[in-house]
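Take a look at the structure set out below.
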Amino acid sequence: MAKALSGAGLRGQVAGKTALSTVGVSGSGLTYRGYDVKDLANNCQFEEVAYLILKGKLPNQQELDAYKTKLKSMRGLPQALKDVLERIPADAHPMDVLRTGCSMLGNLEMEKDFSEQDAVTDRMLACFPSIICYWYRFSHDGVKVDVETDDDSIGAHFLHLLHGEKPNELHEQVMHVSLILYAEHEFNASTFTARVCASTLSDMHSCITGAIGSLRGPLHGGANEAAMEMIEGFTSADHAEEEMMGKLARKEKIMGFGHAIYSESDPRNEIIKGWSEKLAKDVGDEVLYPVSVRCEEVMWREKKLFCNADFFHASAYHFMGIPTKLFTPIFVMSRLTGWAAHVMEQRADNRIIRPSAEYTGEDLRAVTPIAERA
Ligand SMILES: CC(=O)SCCNC(=O)CCNC(=O)[C@H](O)C(C)(C)COP(=O)(O)OP(=O)(O)OC[C@H]1O[C@@H](n2cnc3c(N)ncnc32)[C@H](O)[C@@H]1OP(=O)(O)O
Ligand SMILES: O=C([O-])CC(=O)C(=O)O
């Protein structure tokens with residue numbers, strides 16, 4: 001008989017092997033294929049990190065140029081997909097739009113066998129910003145945007161489609177950093193979803209569609225959006241402190257804080273916090289950034305809870321003029337690399353993932369004839 005687990009949520013259980021990342025191994029660190037995430041965020045563009053995660057090595061200049069050129073050439077959307085996006089209402093959640101967009105793409109450009117896994121992944125990486133922005137601009141502004149821009153990076157492509165003009169250097173740089181920070185994180189809930197799906201030998205689009213659904217929730221990727229909704233209600237740092245104390249007294253969960261694996265800090269936080277501060281100066285903000293800092297101080301002082309990757313992403317994205325409901329889709333545009341790499345890793349050494357359950361229901365009983373049932 002299988003042994004019952006001691007903790008809920010599979011916490012602390014090793015559920016498989018990976019060569020892609022380490023989370024919290026030295027207490028607070030994060031590495032992708034052996035590189036410290038801080039090193040990557042300070043020195044690389046997102047496309048270099050995507051290449052590293054998906055193909056196993058950092059590209060040289062020639063390889064990076066070729067990779068970016070290839071991704072650039074794959075930004076277009078088939079008409080049938082645009083037709084579907086045009087039918088999704090403006091009040092839909094953009095994560096649902098991406099989930100549908102990914103699934104529809106799988107119908108139009110099916111992964112016929114696993115030899116196509118690299119190609120379908122690159123295609124999704126190139127066109128997810130197109131999917132989300134095509135829908136957003138059509139449903140909100142009535143514009144059918146031309147999604148085939150010549151922007152140098154995925155982040156710039158996204159901002160260009162969203163705002164109708166090329167982003168400045170600072171914003172493009174922040175997008176590189178943000179996408180790097182979100183790219184990969186071992187056996188988190190959405191990645192585990194992708195791996196479970198992959199373990200049935202399903203197709204890449206199904207694995208990614210499922211992962212998008214898992215990322216959507218406020219306990220996972222949806223926390224950046226939930227954090228923004230909270231901090232934008234605070235008018236000053238003192239107001240934030242007062243409200244936070246009330247929330248803690250009422251034992252409310254504060255989105256953007258805490259982590260299932262890290263115990264003292266999330267190494268991604270100080271990086272995105274630094275960029276949020278730069279952006280705050282750039283836009284002349286005197287409220288949102290100080291409010292965010294005060295929330296961080298209160299949570300640490302009162303609960304020893306720290307900001308995870310999501311918290312300062314909220315203010316950073318806001319300062320770049322990104323609508324709150326598009327925050328989590330940006331996470332998807334990035335984490336797609338980690339998900340796909342995990343799917344490939346699972347496929348390379350697969351056994352169907354099928355744990356056991358501890359039964360807590362009724363003892364064996366006979367069916368009562370329907371006429372005799374209460
Ligand atoms: C990119 C990402 O996905 S990062 C995660 C994003 N999610 C969030 O920001 C949502 C808010 N945070 C949380 O809900 C949790 O911290 C999670 C889901 C991230 C981790 O959950 P767990 O591993 O179960 O948390 P953990 O076991 O450390 O919780 C310990 C205690 O702290 C409390 N706690 C943890 N996080 C928070 C929080 N953000 N606000 C208030 N209390 C919290 C828990 O309720 C628990 O209290 P209890 O023992 O009285 O029940
Ligand atoms: O690892 C987790 O549980 C959540 C997380 O931070 C991520 O997926 O980036």
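Sequential numbering from 1 along the given sequence is applied to the chain's residues. Note that ligands are numbered from 1 as they come in the structure, with each ligand's atoms numbered from 1 the same way. When reading the values below, keep in mind they use all heavy atoms of this one structure, side chains included, and skip hydrogens, waters and symmetry mates.
Atom NZ of K17 has 12 or fewer heavy atoms from other residues, nucleotides or ligands within 6.0 Å.
If you check the side chains of S153 and E47, you find no donor sitting under 3.5 Å from an acceptor. In this structure, a donor-acceptor pair under 3.5 Å is present between the side chains of S21 and E184. Between N269 and Y262, the side chains place no donor N or O within less than 3.5 Å of an acceptor N or O (distance only, hydrogens not considered).
Residue D266 has no N or O atom closer than 3.5 Å to an N or O atom of ligand 2. Polar contact check, I254 against ligand 1: a nitrogen or oxygen pair lies under 3.5 Å apart. Note: no N/O pair closer than 3.5 Å links M255 and ligand 1 by distance alone. When only interatomic distances are considered, the shortest N/O to N/O separation between H220 and ligand 1 falls below 3.5 Å.
Within the 4.0 angstrom cut-off, atom 3 (O) of ligand 1 has one or more protein heavy-atom neighbours. In this structure, atom 46 (C) of ligand 1 has its sub-4.0 angstrom surroundings free of protein heavy atoms. For atom 50 (O) of ligand 1, the nearest protein heavy atom is 4.0 Å or more away. Remark: atom 26 (P) of ligand 1 lies closer than 4.0 Å to no protein heavy atom. In this structure, atom 32 (O) of ligand 1 has no protein heavy-atom contact shorter than 4.0 Å. There is a protein heavy atom less than 4.0 angstrom from atom 6 (C) of ligand 1. Distances from atom 39 (N) of ligand 1 to the protein include at least one heavy-atom value under 4.0 Å. Using a 4.0 Å threshold on non-hydrogen atoms, atom 29 (O) of ligand 1 does not count as touching the protein.
From the protein, the heavy atom lying nearest to atom 20 (C) of ligand 1 is A260 N, 3.6 Å. Nearest protein heavy-atom contact of atom 4 (C) of ligand 2 is H259 NE2, 3.5 Å. The nearest heavy-atom contact from the protein to atom 15 (C) of ligand 1 is K253 NZ, 4.1 Å. The single protein non-hydrogen atom nearest to atom 11 (C) of ligand 1 is F257 O, 3.3 Å, given as residue, atom name and distance. When only non-hydrogen protein atoms are considered, atom 43 (C) of ligand 1 lies nearest to L305 CD1, 3.5 Å. Looking only at heavy atoms of the protein, atom 1 (O) of ligand 2 is closest to H185 ND1, 2.7 Å. In this structure, the protein non-hydrogen atom closest to atom 18 (C) of ligand 1 is L219 O, 3.9 Å. Scanning the protein for heavy atoms near atom 8 (O) of ligand 2, the closest one is R335 NH1, 2.8 Å. For atom 1 (C) of ligand 1, the nearest non-hydrogen atom of the protein is D310 OD2, 3.4 Å.
A parallel orientation is assigned to the rings of Y182 and F331, their planes being inclined by less than 30° (bins at 30° and 60°). Ring orientation note: the planes of Y134 and F138 are close to parallel, at an angle under 30° on the 30°/60° scale.
Residue contacts with ligand 2: E186 is excluded, as none of its non-hydrogen atoms falls under 4.0 Å. Using a non-hydrogen distance threshold of 4.0 Å, R11 registers as a contact of ligand 1. Heavy-atom distances between A227 and ligand 1 stay at or above 4.0 Å for every pair.
Per-residue contacts place F331 under 4.0 angstrom from the following atoms of ligand 1 (heavy atoms of the residue considered): 1 (C). Remark: ligand 1 atoms within the under-4.0 Å shell around heavy atoms of P218 are 7 (N), 8 (C), 10 (C). Numbered from 1 in the order shown, with element, the atoms of ligand 1 that lie under 4.0 Å from a heavy atom of G256 read 8 (C), 9 (O). Near E252, meaning under 4.0 Å from any of its heavy atoms, are these atoms of ligand 1: 41 (C).
The residue among N308, N188, D310 with a heavy atom at the shortest distance from atom 3 (O) of ligand 2 is N188.
For the pair T193 (side chain) and A211 (backbone), a donor-acceptor distance under 3.5 Å is absent. Under a 3.5 Å cut-off, the side chain of S199 and the backbone N or O of V196 do form a donor-acceptor pair. Here the side chain of E63 pairs a donor or acceptor atom with the backbone of N60 at under 3.5 angstrom. A donor-acceptor pair under 3.5 Å is absent between the side-chain atoms of H318 and the main chain of A314, judged by distance alone. H313 places a side-chain N or O within donor-acceptor distance of the main-chain N or O of A309, the cut-off being under 3.5 Å. Side-chain N or O atoms of H239 include one that pairs as donor or acceptor with a backbone N or O of T235 at under 3.5 Å.
Residues S190 and S214 come closest through the heavy atom pair CA-CB, 3.6 Å.
Under the 6.0 Å distance and 45° angle rule, R347 counts as a cation-pi partner of F114.
Checked against D150 for a salt bridge (charged side-chain N to carboxylate O under 4.0 Å, His left out), the options K166, K68, R75 give a single hit: K166. With M230 as the fixed residue, the side-chain contact (heavy atoms from CB on, under 4.5 Å) test singles out one of M244, E252, M255: M244.
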